[in-house]
Amino acid sequence: MQKHSDYDIKRKKTLRWGYVFAFAAFLLFVVFLGRIIILQNTNVKEIKEDYISKNYREATLKAARGNLYASDGSILATTVMRYDIYIDFKTIRDTTYAQNIGALTDSLSQMFGKPRSYFRQKFDAQKAKKNQYYSLIKGLDFDQYDRIRKFPIFVKGKNRGGFIVDRNYKRELATTEIGAGTIGMDDHRGKSGLEAAFSKYLKGQDGTRLEQRVNSAQWKPIDYWKAKEPVDGQDVYTTLDLRIQDIAHSALEKQLINFDAVHGCVVVMEVATGKVKAMVNLRRTEPGIYVDAYNYILKDGIEPGSTFKTVSLLAAMDDGFITEKTTVNVGGGVWNYAGQRISDGHGGGTYEISDVLAKSSNVGTAKLITQYYASKPQVFLDHLKRWKMFDKMDIELPGITKPFVYTPQHSKWNAATLASISYGYSTNFNLLQLTTFYNGIANKGKMLKPLFIEKIMKDGQTLYEAKPEVMVNRMASPEAINMMTHALTKAVEKGTAKSIFTPNLKMAGKTGTARFEYWLPGKMKYRASFAGFYPADNPKYTCYVMVSEPDVAKGFYGATVAAPVFKEIAGKTFLKTPQNVEQELLVDKKVDLSKLTEANVKVTVNNRKMPKVTGLIGKNVIPQLENAGYRVDYKGVGKIREQFPLEGTLINKNQRIYLQLQN
């Protein structure tokens, strides 16, 4: 009985503790369940803000912008990878650090030219602090990055060597031929130029990655938790031709320096397509120094002056008021009309219609336009509307100005306004719009939209290829277009631009000399311009040149200041088809090969100036230039007939040299 009683006591005691344990477990479960319910009904946003958002963040991984190319495949702007190096001292074992720190500081000293002690002191201090994200160096290129990651300790990688690399993209201009004002930008500084125009193709799609807070000012990327890879942008090929751009840049800069002008610009457009092959804007920053920093061609509206006479007279030609037999008496070159004094800078008497343009007669133009349109000025203005000269041009590049022309509805319109418009005042146009008009005449009356994009490519595949776009299918009758072309040709051969006449290349064009800010006191300011196309009988290129505020003492007329720039561009961009073998090389109808050989002349670049290489054998010269670190593009074989840049031009090691060879 005693044993049974002891058993019952132990059993009851065990059950009691079991019940206690079960109750405690149940109570703990209830508390745990209650905590879950509380958490589920608590403001998750506050918890996220209190902990997660303070210690982790989703950072943007920038996509690499696509490359911006010239039409020949030369890079204008490119995205390069730059590497920022950080060190996580906490992950580096003490033994690894002690055994290798000397070798590491030796390597860093050799690479960056600082004493070993400089790195040792900093590293020992950071190691003691167990800094997990110490910034060592930023902005390394790939070769530098590839070298430093093989250094002692760093070679062990991120987890054992504490080597953290952060990759960034940097946009760089890859050519000296086209400046920042034309290439432009699309970043924190703003939007402009080609970069902004084609940004929707270039920019790609950004990715994301998770970063962890290291301290109050630093965040450490967690690479293996990356959420989304970036998609790089597409490559855009522009219509710009680096060879033509370089010719136009050189010709304009030389003239700006000669006349000490404030700024100037040049547009070269391909007649058959409307493609802009060159766009140069140069502004004086100090005496003799000009930079491409602002796009005057698009962003500045001006009163064009006499280059607008072509617009006015074409309207009258198209309406049949003017024929090749039309004459106008300009008297002594001065005419008072509706209280306005209109004068010519030269000549007098009776002019044929071609002479009105050739001699750039303000009086002749005003008399003809007012004679036929004074009673109905809207008929004249309707021509301008049909030629899109009231419309803001629909182009990709940002910042283009909208044109302005006074109309009878304007409060400032008076009886003299039409006369003023006829020779290029009381209007406001950007140079691209005026170039487009002249290009329409060169294209036999078909006005094309200016094109800046050639094609878009991605991973070697062409996604888009631009085609010519017609703005006005028929500007005027064929007779009117031919009459105007003849008049513009005569202006070069016998008129105000006869100083640039050459029998080797038939050119057509119109000079312009316009005063501006003439309502302000002080010295007179002028814009000298020339607009035209070449060859006149079968135009290939249209070109507009404008030079603003030349030194009046040195010259200010369009014929003196702007026309020579046009001539140089025309002469160097339009190459006649070369013969395969020159006549003097033929002996008994066979090629005398002895005249094609010469000693290997040594070519050197002194003081960064391009040497003269024309006349030398290409196979001798090209390797020397390439071995000196220059990029050489050449066409043909034999002797060098043309070189760009020209002799004496300052060149850089990364600059492309163009050579035209011919046997």
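We use all heavy atoms of the structure for the numbers below, so side chains are in, but hydrogens, waters and symmetry mates are not. Bear in mind the structure is a predicted one, so any value in this text is a computation, not a measurement.
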- request: Would you check if Y337 and T370 make a side-chain contact, meaning some heavy-atom pair closer than 4.5 Å?
  value: yes

task: Mind running side-chain contact (heavy atoms from CB on, under 4.5 Å) on V552 and K523 for me, showing each step along the way?
output: CA-CA 9 Å; V552 175; K523 66 177 184 179; over 6 Å; no

task: Determine, stepwise, if the pair M471 / T436 fulfils side-chain contact (heavy atoms from CB on, under 4.5 Å).
output: CA-CA 10 Å; M471 291 174 61; T436 301; 4.1 Å; yes

task: Please round to the nearest 0.5 Å and tell me the distance separating atom CD of E454 and atom OG1 of T273.
output: 7.5 Å

- request: Identify which one of I500, T513, V547 satisfies the side-chain contact (heavy atoms from CB on, under 4.5 Å) criterion when paired with F530.
  value: I500

message: Tell me whether Q255 contacts the main-chain N or O of V565 through its side chain, where contact means a donor paired with an acceptor under 3.5 Å.
response: no

- request: Please examine the side chains of F390 and L384, heavy atoms only from C-beta on, and report whether any two atoms are closer than 4.5 Å.
  value: yes

- request: May I ask you to decide if the ring planes of F404 and H410 are parallel, tilted or perpendicular, using 30° and 60° as cut-offs?
  value: perpendicular

message: Would you compute the distance between atom OG of S71 and atom CG of L240 and round it to the nearest 0.5 angstrom?
response: 7.5 Å

- request: Output, in order, the C-alpha distance, side-chain angles, deciding distance and verdict of ring pair (Phe, Tyr, Trp, His ring centres under 6.0 Å) for Y534 and F566.
  value: CA-CA 10 Å; Y534 56 93; F566 179 94; 5.6 Å; yes

message: If we ignore hydrogens and angles and just use 3.5 Å, is the side chain of N482 paired with the main-chain N or O of P478 as donor and acceptor?
response: yes

- prompt: Taking all atoms of both residues into account, what is the closest heavy-atom pair of F429 and P403, and its distance?
  reply: CD2-CB, 3.5 Å

- prompt: Donor-acceptor pair, Q433 side chain versus K388 backbone, under 3.5 Å?
  reply: yes

query: Which atoms form the tightest heavy-atom contact between C265 and I297, and what is the distance?
result: CB-CG1, 3.6 Å

field: CD1 on I640 to CG on L659, rounded to 0.5 Å
entry: 4.5 Å

message: I need the E493 CD to L488 CG distance, nearest 0.5 Å.
response: 11.5 Å

field: Side chain to side chain, L646 and K572, heavy atoms closer than 4.5 Å
entry: yes

field: Nearest heavy atoms of P539 and A442, plus distance in Å
entry: CG-O, 3.5 Å

- prompt: Do you know the tightest heavy-atom contact between I481 and G445?
  reply: CD1-CA, 3.8 Å

- request: Output yes when a side-chain donor or acceptor of D246 lies under 3.5 Å from a complementary backbone atom of L242, and no otherwise.
  value: no

- request: Using a 4.5 Å cut-off on heavy atoms from C-beta on, say whether the side chain of R284 contacts that of D260.
  value: yes

message: Would you compute the distance between atom NZ of K367 and atom OH of Y351 and round it to the nearest 0.5 angstrom?
response: 11.5 Å

- prompt: Does the side-chain contact (heavy atoms from CB on, under 4.5 Å) test come out yes or no for V363 and V328, once each step is laid out?
  reply: CA-CA 9 Å; V363 173; V328 58; over 6 Å; no

Steps toward side chain to side chain donor-acceptor pair (under 3.5 Å) verdict (S361, D344): CA-CA 6 Å; S361 173; D344 290 339; 2.7 Å; yes

Backbone of E324 reached by a side-chain donor or acceptor of E352 within 3.5 Å: no

task: Could you tell me whether K449 and E469 make a salt bridge, using a distance below 4.0 angstrom between a side-chain N and a carboxylate O?
output: yes

- prompt: Can you find a side-chain donor-acceptor pair between N362 and K309 that sits under 3.5 Å?
  reply: yes

query: So does K446 have more than 12 non-hydrogen atoms from other groups sitting under 6.0 Å from NZ?
result: no

- prompt: Going by distance alone, is a donor N or O of one side chain under 3.5 Å from an acceptor N or O of the other, for Y438 and T310?
  reply: yes

field: Heavy-atom check, side chain of M507 versus side chain of T502, under 4.5 Å
entry: yes

message: Can you confirm whether Y425 is buried at OH, in the sense that more than 12 heavy atoms of other residues, nucleotides or ligands lie under 6.0 Å from that atom?
response: yes

Output a table of donor-acceptor pairs, distance under 3.5 Å, between side-chain atoms of residues 311-322 and any protein atom two or more places apart or on a different chain; print 'none' if there are none.
unit_1	atom_1	unit_2	atom_2	d
S312	OG	S422	O	2.8
D318	OD1	S477	N	2.9
D318	OD2	R386	NH2	3.2
D319	OD1	H383	NE2	3.0
D319	OD2	Y373	OH	2.5
D319	OD2	H383	NE2	2.7

query: Side-chain contact, heavy-atom cut-off 4.5 Å: I569 with Y541?
result: no

task: Would you give the length of the straight line joining atom CG of D391 to atom NZ of K385, rounded to the nearest 0.5 angstrom?
output: 9.5 Å

task: Please report the C-alpha distance between K494 and D355 in whole Å, then the side-chain angles of each, then the deciding distance to 0.1 Å, and finally whether the salt bridge (Lys or Arg N to Asp or Glu O under 4.0 Å) criterion is met.
output: CA-CA 9 Å; K494 299 178 181 180; D355 289 327; over 6 Å; no

- request: Given side-chain contact (heavy atoms from CB on, under 4.5 Å), test L431 with Y296 step by step and report yes or no.
  value: CA-CA 8 Å; L431 295 190; Y296 294 97; over 6 Å; no

task: Identify the two heavy atoms, one from I421 and one from F308, that lie closest to each other, and give their separation to 0.1 Å.
output: O-CD2, 3.2 Å

- request: Check G648 against K609 and note the closest heavy-atom contact, atom names and distance.
  value: O-CG, 3.9 Å

query: Below 4.5 Å, heavy atoms only, C-beta onward: do T417 and K412 meet side chain to side chain?
result: no

Side chain to side chain donor-acceptor pair (under 3.5 Å) between T511 and S360, worked out: CA-CA 8 Å; T511 58; S360 195; 4.5 Å; no

message: When you measure from the side chain of T238 to the backbone of Y69, do you find a donor-acceptor pair of N or O atoms at a distance under 3.5 Å?
response: yes

query: If you look only at pairs with a residue in residues 544-556, which of them pass as a side-chain hydrogen bond (donor to acceptor under 3.5 Å, both in side chains), with sequence neighbours excluded?
result: T307-Y544

- request: Could you tell me whether the side chain of M475 reaches within less than 4.5 Å of the side chain of F437, counting heavy atoms only?
  value: yes

